[in-house]
Amino acid sequence: MMLNSSDFEIVQLGPRRFPSPIAKAGVPSQSEKLFVSDQHRVAYEVEWQSGQQPAHPLSFEKAGPRKDLYFDPATTKAAIVTCGGLCPGLNNVIRSLVLELHHHYGVRNILGIRYGYEGMNPEQGVAPRPLGPDDVRTIHHAGGSVLGLGRGKQDLGVMLDFLKQHQVDILFTIGGDGTLRGACALGQAARERGQKLSVVGIPKTIDNDIPFVDKTFGFETAVETARQAIDAAHCEALGARNGVGLVKLMGRDAGYIAAHATLASEDVNFCLIPEVPFELDGDSGLISLLRKRLERRAHALIVVAEGCGIHLVKESSAHDASGNIRYANRDLDIGSHLRDTIVERLKSEGFPITLKYIDPSYMIRSVAANANDSIFCNILARHAVHAAMAGKSELLIGRCHGIFTHIPLLAVATQKKTMSPYDSLWFAVTQTTGQPVFGTTLPDIR
Ligand code: F6P
């Protein structure tokens with residue numbers, strides 16, 4: 001779907017009548033410099049051919065504290081919900097939201113919703129818990145989410161009634177694409193009802209597949225942890241004659257984790273991602289290329305993203321509660337399929353190999369955030385509080401070319417982010433591994 005400038009306008013709940021208490025934190029004469037105005041924009045596209053500069057480039061509102069607030073901190077109540085699967089940094093975001101609200105805006109009423117959107121359906125019987133600085137003091141040292149997560153939709157009316165009953169003014173939704181679509185629908189439904197609710201999303205997923213966002217939180221830590229698995233597989237491969245290390249990584253529809261971990265490792269010979277179809281058989285198929293590599297070097301390392309090679313394994317209709325294809329089941333497990341097929345085929349050719357298969361799937365997302373992700377989570381969360389207190393709604397805190405932005409949830413909900421095989425990232429991967437572009441089915445988008 002084509003987007004234009006008006007698709008990047010941010011919903012404002014009403015006039016801002018309260019001066020921000022943030023100013024008190026700075027040097028009084030310089031306090032104006034702390035604030036960001038709604039007119040401050042960040043260009044989406046920063047590259048163009050000479051002479052073809054767009055007349056009206058798409059741009060995002062810049063994130064940051066606003067001088068005046070829509071919500072009166074003294075009476076405001078905020079709630080936080082974490083949805084989807086685990087991701088490094090969830091607790092960091094929860095902690096920074098609570099501390100920014102409490103210490104810098106003076107908001108004293110904060111609720112933690114349990115187990116995703118389910119926690120806003122009273123029939124599910126999971127009451128929210130109050131959150132204050134003491135509750136979040138050390139949580140950032142651990143992986144997971146102290147609130148628990150959950151997948152799946154709940155009735156919008158039920159959730160809005162719950163929020164109204166608990167007098168919640170602001171809802172911070174921490175999640176990936178499915179969660180953000182839900183947050184978008186919730187914000188729209190609140191507006192239609194005349195319920196003054198600010199819904200602000202924070203981009204969580206190890207898959208890094210949220211549109212208009214440089215990177216999602218948790219991604220870097222996942223890549224770092226994935227590299228450890230790749231290093232182990234490389235070591236195993238080197239330890240045997242014709243040793244093959246095979247690592248399966250998460251990445252449902254996008255190969256960012258596999259691609260980045262491959263670049264970080266520099267030892268990988270074949271990186272397989274969902275966006276670039278590959279064949280097993282034939283002269284340019286994986287088996288033949290792998291054999292040639294082994295004949296030359298006596299060891300090889302393969303990284304495969306869970307969502308790739310779906311055409312090679314049995315069809316399945318298994319879906320998770322978010323409506324996504326569930327790859328981690330037997331019919332669709334590309335990792336074990338490759339393991340078994342490679343061993344059998346090369347054995348039948350009279351070329352025995354020693355293959356070690358490592359599947360670190362859930363390990364890479366259940367660890368605590370690394371330093372970079374911790375910084376990122378901290379800043380994302382504080383920007384989310386600034387946006388919400390200013391009365392903005394139906395937005396995601398993003399980062400574009402390193403600058404924090406406000407992205408309308410509707411724009412996020414209508415787009416998909418995957419790796420382009422023609423992108424410099426994939427080119428860097430193929431240069432690093434030395435692998436050819438597999439298959440002949442690449443879309444001709446150039
Ligand atoms: O969306 C993040 C993710 O980690 C995907 O990479 C993966 O396919 C999915 O979650 C698995 O989720 P779960 O097993 O928790 O349903």
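Atoms within a ligand are numbered from 1 in the order they appear, just like the ligands themselves.
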Please could you name the atoms of ligand 1 that R252 approaches to less than 4.0 Å, counting only its heavy atoms? 1 (O), 6 (O), 8 (O), 9 (C), 10 (O)
I257 contact mode with ligand 1 (heavy-atom cut-off under 4.0 Å): neither
Does one side chain, of Y105 or H386, offer a donor that lies under 3.5 Å from an acceptor on the other? yes
Does some non-hydrogen atom of G84 fall short of 4.0 Å from ligand 1? no
Do V158 and P122 come close enough that some side-chain heavy atom pair is under 4.5 Å? yes
Should you measure from each heavy atom of I206, which atoms of ligand 1 turn up under 4.0 Å away? 4 (O)
Evaluate salt bridge (Lys or Arg N to Asp or Glu O under 4.0 Å) for D169 paired with K196, printing each intermediate quantity in order. CA-CA 7 Å; D169 304 295; K196 294 293 187 186; over 6 Å; no
So, D283 versus S288: side-chain donor-acceptor pair below 3.5 Å or not? no
Atom CG in D373, atom CG in N378: separation rounded to 0.5 Å? 12.0 Å
Ignoring hydrogens, just give me the one of N208, T205, D207 whose non-hydrogen atom is nearest atom 5 (C) of ligand 1. D207
Walk me through it: do D253 and K416 pass the test salt bridge (Lys or Arg N to Asp or Glu O under 4.0 Å)? CA-CA 10 Å; D253 305 313; K416 217 172 161 51; 3.6 Å; yes
Give the atom numbers and elements of ligand 1 that come within less than 4.0 Å of a heavy atom of E306. 5 (C), 6 (O), 7 (C), 8 (O)
Contacting atoms of ligand 1, where contact means under 4.0 angstrom from a heavy atom of Y362: 13 (P), 14 (O)
